[in-house]
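Every chain is numbered from 1, with letters handed out A, B, ... down the list of sequences. Note that the structure is predicted; figures quoted are calculated from it, not measured.
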There are 2 protein chains.
Amino acid sequence: MEKRDLKRLRQEAEDIFRASLVPVDPHAAVKNFVRVDGPTLILGKEGQDKVKLDLSGFDRISLVGGGKATAPMAKAMEELLGEKIHTGLITVKYGFTEALHHTGIREAGHPVPDEQGIEGTRNILAFLEKADAKDLIFSLISGGGSALLCQPAAGITLSEKQALTRSLLECGASIDEINAVRKHISAAKGGQMARAAFPATVVNLMLSDVVGDKMDVIASGPFVPDTATFAQALEILEKYDLTAVSAEIYDHLQAGARGETDETPKAGDPIFERVFNFIIGSNIMALEAAEKRAKVLGYTPLILSSRIQGETRDVALFHTAILREILRTGKPIPAPACVISGGETTVTIRGEGVGGRNQEFGLAAAVDVADLAPRFVVLSGGTDGNDGPTEAAGAIVDPLTVSRGKEMGLEARAYLNNNDAYHFFEKTQELLMTGPTNTNVMDVRLMLVR
Amino acid sequence: MEKRDLKRLRQEAEDIFRASLVPVDPHAAVKNFVRVDGPTLILGKEGQDKVKLDLSGFDRISLVGGGKATAPMAKAMEELLGEKIHTGLITVKYGFTEALHHTGIREAGHPVPDEQGIEGTRNILAFLEKADAKDLIFSLISGGGSALLCQPAAGITLSEKQALTRSLLECGASIDEINAVRKHISAAKGGQMARAAFPATVVNLMLSDVVGDKMDVIASGPFVPDTATFAQALEILEKYDLTAVSAEIYDHLQAGARGETDETPKAGDPIFERVFNFIIGSNIMALEAAEKRAKVLGYTPLILSSRIQGETRDVALFHTAILREILRTGKPIPAPACVISGGETTVTIRGEGVGGRNQEFGLAAAVDVADLAPRFVVLSGGTDGNDGPTEAAGAIVDPLTVSRGKEMGLEARAYLNNNDAYHFFEKTQELLMTGPTNTNVMDVRLMLVR
C-alpha cells in the first residue's frame, strides 16, 4: 500500500467521524425527535412514534433546562413551536449561547458551579412550582447539566457541597455513592424538579453524555426517579468517615433519614405519571451513523460497544489487538473493515504534557502498531470537538506515525509517557480538528483497514 | 429466563470450551499437521499442504525438543514413523512424561531451570553438531521450552543468567529487551540450535503459548533467526545500569560486540535454508474451533481477537462493555451470540488470596454484570487446565453469581480485591474443571447470550 492510500484512509476516517456527529447535533436531535402536526405533538424518531400529545389540551407551553448543548436544543424547539412558547428558562455554560426569541438564556459556571447557576436553578424551580395540570413543560438537558442546574438543599452552601464531593472522590467512593449523596443535598437533582412541576406534563429531552445512558445520572436526573435514600446517603458519609466535613450536611442527612425532610421521589411515585423522559441523542446513535457511512464507503463495519470505559492506554491496546487479528486472520471481520467503538475512557496523568483522552488513545495505539504494514488508520475523537484542554477533537494515526515523529526528532513513547500527545501530533500534523460541535455524546473511535 | 436456562447456557459454554481444546491437543496437532504417504512426508493441515519431503533421501530421522507438551507430540511422531526414528532426545517438565519407545525423555525443572535441563540441552546440541545433510531432524517445541532447553553460553553459570533476568525484570526492561539479552548469553536460544544442526534438514513443530505466535519468542526460538545483536544486548545492559550484575556476562557481551564470539544467526543466513518452522497449534486455532462449535449450538459467533493482553480486570470490563451492548442494541452481533476471545492477561497481585488470571477475569466480570438480566454466562479458562496455582482451569459466571455468593455470606468484591477468586468460586461451585489437558495455547474466553 502506498502513502497515498494511507492519506485516503485518513480522509475516509475523518469523513466517517463527521458523519457520526450528524444525528447527535443538539438542534438536529430535537428536530428528529419532536414533530408538530396541526394540534398534535409527536414524540419519537421517524417511524418509531412513542408519545402523542394534543397541544390544545394545554394552556401554556414552556421550556426549562440546562447543559452545554441546551441553547441549540431550545432554538429547535422555538422553530417548532414559535410564539406558542409562554416561558423559557435555560442555563448554559458561559459563551454557549444562541439568539433565541421566547427563551431566557442565563450563562453560568461549568464545570465549577457558581451563583449564576444557583440563581437560574432557583428560578426554574419557582416556575415549576407554579405550574398546574394545564402546563406542558419541555425540559432540555445535556452534558454539563449537573453543574448548571445546581442548587444545594436549604441550609447548605455551595462550597460545603463541593468540599464534600471532593472528599468523597478522594476517599475512593464509587460514582454511584457520590451521586446518592449529591442528590440528597440538592434541591433539584434526583427527580426533585419533577416533584416541583407536578401536576404539569413534562417532556424531558436528554442528550446523553453518560456511559450506558443512565437517565438518573444524566445531569443527575432532575426529572427521573431516584434509587437511593437519605439513610443510604448518611451511611455512605459514615462509611468514609466524612461526617465532620460539614455539620450542616450531616444534620441535613440525619434529619432526612429520620423522615423530617422529603425523600427524593422514587419510581412508582404518582408525580412521574405525566413525566416523559427521552434520550434524543446518545453515543450509540453516533456509532450507528458511523456504521452507515462506513458501509457507503465500502467497509464492513463492526460496532464493538458504545460503553467502553477504563484507562485509555489499556483500551487502546485492546483495540490494536483486534486490529492485529483483522490483519492476520480476517477476524472478527475481513478487510476492508471499519471497527467502531464509543464511550469515554480515563487518563491517569503521570506526565506534565498537554493532551486529552482521545489524543492519548491515538498515541498509545500508534506506539503499539509501529511494526505493522501501512494498511490502516486509527481515529479517536471527542464528539464535542474538544479533547482535554486542547482545541483538537483527537487524532488520526497510522503505522508510520512513530517513524514520522522520529524523522522530526520526536520520540513517540516519551511523549506518551509525558501525557503530551498534543505536542507530538501538533508537529506531525495528525490532530483531528473539527472546531466546537455544540454536542457531547462522549467519544467515537474508528479503525479502518483496507 | 429461568434458572434452568442459565444452567443450559453454562453447559453450552463448557461444551464450546472443550471443543476449543480438540485441535490444539499436542498429539492431535502433530497428527493433523504431519502425514506419511509411502516414502513421502507431507507437512501442513489437510488441504493446505505446505512442504513435502522424500524420506528416502535421508539416512536418519531423529527427534529433539522440549516443553511441557512435548511428550505427547513425540508419541504422535512415534506413531507416524515408528522404528524409522533413529534417535530421540526430548526434555519435559517433571511428571509430564509418556510411554515412548524410540525417544529418550529427560525430566527437568520448570519454570526454574535446573541441571537436568542443562544436561539435556547439552546432549541435544552435541547430537545436532554431529548431524549431516543426510539427517532429518524433527524438533518438537511447546510452552516451557525456554526453561527446559536452557544452556548458558560458555563461562556463564545458570545462577548468573537467572540473576540478570530478575534484574532486567525489576528494572522494567521490555520483554523484547530481556529476550535480546537472554539469547546472547545462551548456547541454544535465538537460532543457535539451527546452527548446530546445519547442514541437516530440520522440521520444527511448535505449539505456541505466545501472544501473536512470534516464532522467535516461542521457547526463545532455538531454530528461528534472531533479530537482536550482541551490541544491542550490551546496550540494554548499560541502559539499565546492570553491567555489575555479573562480570562474566558483561565480558561475554563485550567480547561478542567486538566480534570475538559468533553472533546469533540472522534471517537470510544459509543455515536456515533447510530449516522449516511451523506453528501447529495456537490460540487462534482454539478460537476457531470454539467458533465452529458455537455455530452448531445455534449461536452467532464472533471472534474478537486471539491477542488480548493487559491487566485482567480491565480486560474483563472491556468484555462486559461489549456484552451490555449486545443486550441493549444487538451490536456487534445479535443474540443468541457467542463472543470469543483469546490471548493471555496479567494480574497485578494486591491481595493474599488464591486464584489465576481466568478466575480473576470471571470474578471481575461477575461483579460488573450483577445488575443485568440473567440471559448470559461468561467463561474464562486456561487451555492447560491449570489456572494459576489451582487445579481449576477457570470459572463460569452469570449475573446471579454475586447474589449466589451473598447468600453464602461471600462478598464478591472483597474476594476480588483480595485476588481470592478461587475460594469464592470453590464455594459457589462455579469453577471450570477440566483436569490437565497436556496443551497450552493460553486462554479462551466466551460470552454466551441467549
A.B. asks: What residue pairs, at least two apart or across chains, pass salt bridge (Lys or Arg N to Asp or Glu O under 4.0 Å) with a residue in residues 284-297 of chain A?
C.D. replies: A/D15-A/R293, A/E291-B/K331

A.B. asks: For chain A, which residues from residues 173-181 of chain B have at least one heavy atom closer than 4.5 Å to it?
C.D. replies: none

A.B. asks: Just checking B/D241: does its CG atom have more than 12 heavy atoms from other residues, nucleotides or ligands closer to it than 6.0 angstrom?
C.D. replies: no

A.B. asks: May I have the step-by-step check of side chain to side chain contact (heavy atoms under 4.5 Å, CB included) for B/E325 and A/I284, ending in yes or no?
C.D. replies: CA-CA 9 Å; B/E325 196 66 57; A/I284 188 72; 3.1 Å; yes

A.B. asks: For chain A, find its close neighbours in residues 302-324 of chain B: heavy-atom separation under 4.5 Å, sorted by number, or none.
C.D. replies: B/L302, B/I303, B/L304, B/S305, B/S306, B/R307, B/I308, B/D314, B/V315, B/F318, B/H319, B/A321, B/I322, B/R324

A.B. asks: For B/A335, give me all partners under side chain to side chain contact (heavy atoms under 4.5 Å, CB included), at least two apart in sequence or on another chain.
C.D. replies: B/R375, B/V449

